[in-house]
There are 2 protein chains.
Amino acid sequence: MRQNVGMLELAILGFLYDCSLHGYELRKRIAALTGHVRPVAESTLYPAIKRLEKAGLVVRETQPGAVAAPRHVLSLTADGERELRRRLAEPAPADITDENRWFTVLAFLRHLQDTDAQAAVLRRRLDFLQEPVSFFYEGDRPLRAEEVEDPFRQGILTIARATSRAELTWLRKTLASLG
Amino acid sequence: MRQNVGMLELAILGFLYDCSLHGYELRKRIAALTGHVRPVAESTLYPAIKRLEKAGLVVRETQPGAVAAPRHVLSLTADGERELRRRLAEPAPADITDENRWFTVLAFLRHLQDTDAQAAVLRRRLDFLQEPVSFFYEGDRPLRAEEVEDPFRQGILTIARATSRAELTWLRKTLASLG
DNA sequence: TATGCATACCTCGCATTCGATGTACTGCGC
DNA sequence: GCGCAGTACATCGAATGCGAGGTATGCATA
């Protein structure tokens, strides 16, 4: 689906910013970060690497395989580093609203040098979480939590509220410490 | 992306189980349920409706439009109702692990008549949340929360833990009340 | 010695999504 | 009487994801 455009690429760029890696190792790190929620298929990762290579964001260098087949060690180019910082500094709307994508942004946000830029990104998430949200409607009228009788739907509201509260607390604390 | 296969279809089937709706109204309800996280494009919804129609899960009946163009009022067939219950009773792995998809399951879980079947689904989520998860590694060693120095990555752990705790509490309470 | 497992990469084809764009009608403000 | 927003549906092309399948090596275990 198109909804995840860029999430995988962001993860690749983010991990490679730290150090060069070959595809198989990259796959394991991405699996650790987001795999429990959404596993990454090899047939998704390798074409994504090729796209980034074609776009000049990543270069590969073939090395004899340590254990098995030869490895293609991947590194970011200067363009790749720029692109990572751009994607972190100006996340797409879905990067802010979708928790899975937001976590990917957070995982690499330290790569933005400027603490002001980091704070600006956190503030976008803060604004999003502070918007009133209604999950359920009766006709046009949004239902308040107490009005939802279905216990499973109450669960959705309970969990969403707890997450939101925890994240708001953390966001405010972190924004304060960023100055 | 293929990762979301079925999430949209589940939402369509779930809403239509309650009452017949035309596509435009369906879109508004889906937007209320999941749109703040992931908006649904019209060019995604209408083809999805056609797929379900072609599969015999949904039938459409054209009515003169109340305000504008003629409406296609959609209803579930008996097969459609069966399919909804099947998808609720046997959610795909991603329906359990991905919070967005899990919320969609929860939103319609009451449509499973059998409380045992409902409890079985909740237990699958419980099992998933009780598995130990590590987001970050140093080599092969999973890092504990205290060892993660990056404040943004600490945020991920803080938020994930808070969500998990709230949901575990709710799951145990709800499972107890289901008997 | 064979069988399986982990490493390491790749391609093909199908399904799904989405942005752009189009059609057509109604009601509102100006 | 003109434009604009909302209602209501639709198609097309490009991008993306994934399952199935393939290639190849080295190690352990039976």
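We name chains A, B, ... by the order of the sequence lines, and we start the count at 1 in each one. Heavy atoms only: backbone and side chains are in, while hydrogens, waters and symmetry mates are out.
A:Phe108 carries B:Arg153 over the face of its six-membered ring, with the cationic atom under 6.0 Å from the centre and within 45° of the normal.
When each of C:dC18, D:dC9, C:dA8 is scored by its nearest atom to the side-chain atoms of B:Arg60, the top-ranked nucleotide is D:dC9. If you check C:dC9, D:dA8, D:dA10 against the side chain of A:Glu42, the one that comes closest is C:dC9. If you check D:dC18, C:dT7, D:dA10 against the side chain of A:Tyr24, the one that comes closest is C:dT7. Distances were taken from every side-chain heavy atom of B:Arg71 (C-beta onward) to each of C:dA8, C:dT11, D:dC9; the shortest belongs to D:dC9. Taking only side-chain atoms of A:Tyr46, from C-beta outward, the nucleotide of D:dG19, C:dC9, C:dT17 with the closest atom is C:dC9. Side-chain proximity of A:His22 to the nucleotides D:dC9, C:dA8, D:dG17 is greatest for C:dA8.
Note: CG (B:Leu74) to C1' (D:dC9) measures 11 Å, nearest angstrom. In this structure, the CZ atom of A:Arg101 is 15 Å from the P atom of C:dT17, given to the nearest Å. Per the geometry, CZ belonging to A:Arg51 stands 15 Å off C1' belonging to C:dT11, to the nearest Å. Per the geometry, CE belonging to B:Met7 stands 13 Å off C1' belonging to C:dT16, to the nearest Å. At whole-Å resolution of the value, CG in B:Leu10 and C1' in C:dT16 are 16 Å apart. In this structure, the CD1 atom of A:Ile30 is 14 Å from the C1' atom of D:dG17, given to the nearest Å. If you measure from atom CD of A:Glu25 to atom P of C:dC9, you get 10 Å, rounded to the nearest angstrom. The CG atom of A:Leu21 sits 11 Å away from the P atom of C:dC9 (whole-angstrom rounding).
Side chain of A:Thr77 to backbone of A:Leu57: a donor-acceptor contact under 3.5 angstrom is found.
A salt bridge between B:Glu83 and B:Arg86 is present, with a side-chain N of the basic residue lying under 4.0 Å from a carboxylate O of the acidic one.
In this structure, B:Glu146 places its CD atom where more than 12 heavy-atom neighbours from other residues, nucleotides or ligands lie under 6.0 Å away. The number of heavy atoms from other shown groups lying within 6.0 Å of CD (A:Glu147) is above 12.
Across the interface with DNA chain D, nearest-nucleotide mapping of B:Lys28 and B:Lys50 shows B:Lys28 to be the residue nearer the 5′ end. Summary of the strand contacts: A:Ser43 and A:Glu9 both lie near DNA chain D, and taking for each the nucleotide with the nearest heavy atom, the more 5' one is attributed to A:Glu9.
Across all strands, B:Arg27 comes closer than 4.0 Å to no nucleic acid atom at all (heavy-atom distances).
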